[in-house]
Amino acid sequence: MTIDPNLLDDLEWRGLLAHTTDRDALRDALSGGSVRFYVGFDPTAPSLHMGNLVQILTARRLQLAGHTPYALVGGATGMIGDPKDSGERTLNSLDTVKEWVANVRRQIEPFLSFEGENAATMVDNYDWTASLSTIDFLRDIGKHFPVNRMLARETVRRRLESGISYTEFSYVLLQSMDFLNLYRDHGVTLQHGGSDQWGNITGGVELIRRAAAGHAHAFATPLITKGDGTKYGKTEGGALWLDPQMMSPYAFFQFWLNVEDSQVVEMLKIFTFLDRDEIEELARQTEEKPFLRAGQKALAEHVTTLVHGAEETAQVQAAAAALFGGGDLGGLSPATLGAALREAGSTSVSGELPSYVDLMVETGLAKSRGDARRTIADGGAYLNNQRVEDAELVPSSSDLVGGSWLVLRRGKKTFAGVEVTPI
RNA sequence: GGCAGGUUGCCCGAGCGGCCAAUGGGAGCGGACUGUAAAUCCGCCGGAGUAUUCCUUCGAAGGUUCGAAUCCUUCACCUGCCA
């Protein structure tokens with residue numbers, strides 16, 4: 001396996017290095033041979049999301065450059081929960097965590113190679129944490145953590161006002177112990193993660209120094225924020241999930257396609273494997289002809305392909321092209337229309353057609369009948385690309401497009417299909 | 001254990017016996033303008049209803065009152081101070 005000597009420069013150019021330990025030492029290590037590195041994922045939800053994707057892709061970049069990944073799932077740390085600003089977490093049951101651990105593993109696996117000289121390894125910190133006795137933990141690990149230093153950590157400090165349990169306060173010890181264990185048992189000398197994890201990451205570097213007199217490296221990627229600095233990932237309905245059950249590939253694709261101009265280059269660097277020349281060309285096009293949205297299109301295509309595969313991406317693109325193609329839905333073939341609407345989200349009804357208001361609720365376009373009625377009053381409801389003026393509208397069979405479809409739309413870009421089947 | 005303060009809609013945060021479905025901000029949704037972009041402006045933003053209206057909400061359960069998010073009691077949780 002050859003080692004890519006430009007890895008660190010590439011990461012830097014992509015804006016992936018928000019923090020690093022000694023940069024020169026890190027550079028030396030990365031050019032000296034295949035470095036064993038690790039990145040951890042806590043099962044705090046049924047699926048991984050955009051923030052995790054940054055780490056997965058970063059790990060992949062490192063592996064492609066010749067280094068050896070250890071992907072850690074937090075079967076143990078997921079039982080505890082790291083402190084977050086919004087307050088104390090609710091503990092999840094062991095069964096829930098186990099289920100989520102399995103999901104996490106499944107979602108990470110496609111992104112790394114588990115074969116060859118620098119094959120990836122999957123580890124679970126439950127394996128070395130569950131059986132650890134309290135006394136050993138306090139003597140061997142706790143002794144290396146001065147509480148005054150722990151209190152000074154940013155995440156903890158922000159929580160001192162609102163309160164923080166001993167459980168979450170102790171989280172950093174567990175994550176640090178992970179690094180120490182991987183260092184001892186597997187020769188892992190590098191950890192990366194999101195910048196919100198920096199405190200936990202450096203905790204591990206320090207522990208390795210104190211407890212094993214070893215030298216380890218680390219870097220953190222920046223938090224992805226919107227143009228106005230607010231947190232990303234919280235789109236309508238919650239985070240940007242990788243699980244197609246939780247977020248359809250269509251919605252996933254649309255998210256990337258709708259990235260604002262000021263963010264698109266940054267996103268291309270972080271979320272695609274396009275090289276520098278290609279991204280700079282897209283940046284130029286975005287600058288000169290923003291209305292063509294070349295950057296967004298490339299971004300959506302590449303990221304959706306990475307996560308959901310080329311075949312799904314092609315279908316989703318075709319769906320978007322059909323729905324956004326123009327006003328005349330009647331010109332589409334029934335097969336194309338049906339496929340597009342199934343991607344965008346659809347329900348089916350048989351027999352007598354419900355009112356438009358009920359259909360909006362049923363397809364999820366509106367939260368309640370009142371919401372649906374309001375949307376119509378606001379002028380944001382469409383049937384087959386025709387604005388709906390009458391809140392009492394009941395579609396008839398003459399409204400069917402492509403033989404059996406009603407195309408509902410809320411606002412400019414939220415579509416839903418209703419497939420009407422005969423009784 | 002004692003004392004003080006707190007728990008309000010998705011989030012933050014007013015309200016402190018009737019004028020409260022509850023000020024304001026943020027988020028979200030829709031419209032106008034555009035490029036399925038940003039910014040800006042306008043409207044909406046508990047549920048049902050065309051609607052005068054009705055129903056369910058202000059930590060939980062009781063109570064006082066013609067009437068409570070607002071007063072009282074008990075409980076739970078949180079914060080601070082003192083032990």
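The sequence lines fix the lettering, A, B, ..., with proteins before strands; numbering per chain opens at 1.
Computed from coordinates, the A/L365 CG to B/G30 P distance equals 10 Å when rounded to whole Å. Look at CD1 on A/I376: it is 14 Å from P on B/G30, rounded to the nearest Å. Nucleotide B/U40 holds its C1' atom 15 Å from the CD atom of A/E260, rounded to whole Å. Spacing between atom NZ of A/K413 and atom C1' of B/U34 amounts to 11 Å, rounded to whole angstrom units. In this structure, A/D371 atom CG and B/C45 atom C1' are separated by 8 Å, rounded to whole Å. A/E266 places its CD atom 15 Å from the P atom of B/A38, with the value rounded to the nearest Å. The nearest whole Å value for the distance from the CZ atom in A/F415 to the C1' atom in B/G30 is 15 Å. Distance A/F291 CZ to B/C33 C1': 17 Å, rounded to the nearest Å.
Sequence order on RNA chain B of the closest nucleotides to A/P290 and A/Y382 puts A/Y382 first from the 5' end. Sequence order on RNA chain B of the closest nucleotides to A/R387 and A/V357 puts A/R387 first from the 5' end.
Nucleotides B/G13 and B/A60 are separated by 23 Å at their C1' atoms, to the nearest Å. Across B/A68 and B/C54, the matching P atoms stand 15 Å from one another, rounded to whole Å. Taking atom C1' in both B/A4 and B/A83, the straight-line distance is 15 Å, to the nearest Å. Nucleotides B/G47 and B/U23 have their P atoms positioned 15 Å apart, rounded to a whole Å. Spacing between B/G30 and B/C16 at atom C1', rounded to whole Å, works out to 36 Å. As rounded to the nearest Å, B/C20 and B/G15 have P atoms that lie 15 Å from one another. Remark: the separation of the C1' atoms in B/U70 and B/A22 is 11 Å, to the nearest Å. Taking atom P on both nucleotides, B/A21 is separated from B/G26 by 25 Å, rounded to a whole Å.
The aromatic rings of A/F252 and A/H308 lie perpendicular to each other, with more than 60° between the two planes, well past the 30° mark. Aromatic ring orientation, A/H49 versus A/W241: perpendicular (interplanar angle above 60°, classes split at 30° and 60°).
Cation-pi check for A/R410 over A/Y382 is not met; the charged atom does not lie both under 6.0 angstrom from the ring centroid and within 45 degrees of its normal.
Checked for salt-bridge contact, A/K269 and A/E280 miss the test: no charged N lies under 4.0 Å from a carboxylate O. Electrostatic pairing of A/R149 and A/E206 counts as a salt bridge here, judged by a charged N lying under 4.0 Å from a carboxylate O. A salt bridge does not link A/R276 to A/D10: none of the charged side-chain nitrogens sits closer than 4.0 Å to a carboxylate oxygen. Looking at A/R139 and A/D136, no side-chain N of the basic residue comes within less than 4.0 Å of a carboxylate O on the acidic one, giving no salt bridge.
Within 6.0 Å of the CD atom in A/E287, the count of heavy atoms belonging to other residues, nucleotides or ligands does not exceed 12.
Of the candidate nucleotides B/G47, B/U50, B/A37, B/U50 has the atom nearest to the side chain of A/E392. Side-chain atoms of A/R410 lie closest to B/C29 of the nucleotides B/G35, B/G30, B/C29. In the set B/G35, B/U50, B/G47, B/G47 carries the atom at the smallest distance from any side-chain atom of A/S368. Side-chain atoms of A/K412 lie closest to B/U34 of the nucleotides B/G30, B/U34, B/G35. Between B/A37, B/G35, B/G31, one nucleotide has an atom nearer to the side chain of A/R293 than all others, and that is B/G35. The listed nucleotides are B/C44, B/G35, B/U50; the one nearest the side chain of A/R373 is B/U50.
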Pairing string of RNA chain B (Watson-Crick or G-U wobble, both atom distances under 3.5 Å; | = paired to other strand) is ((((((((.[[[..)..(.....]]].(((((.......))))).(((....)))...[[[[[..)....]]]]]))))))).
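For the pair A/R374 and B/G47, the criterion of a side-chain N or O lying under 4.0 Å from OP1 or OP2 is met.
Aromatic ring centres of A/F37 and A/H67: separated by at least 6.0 Å.
Base engagement by A/A320 is indicated by at least one non-hydrogen atom pair under 4.0 Å involving a base atom.
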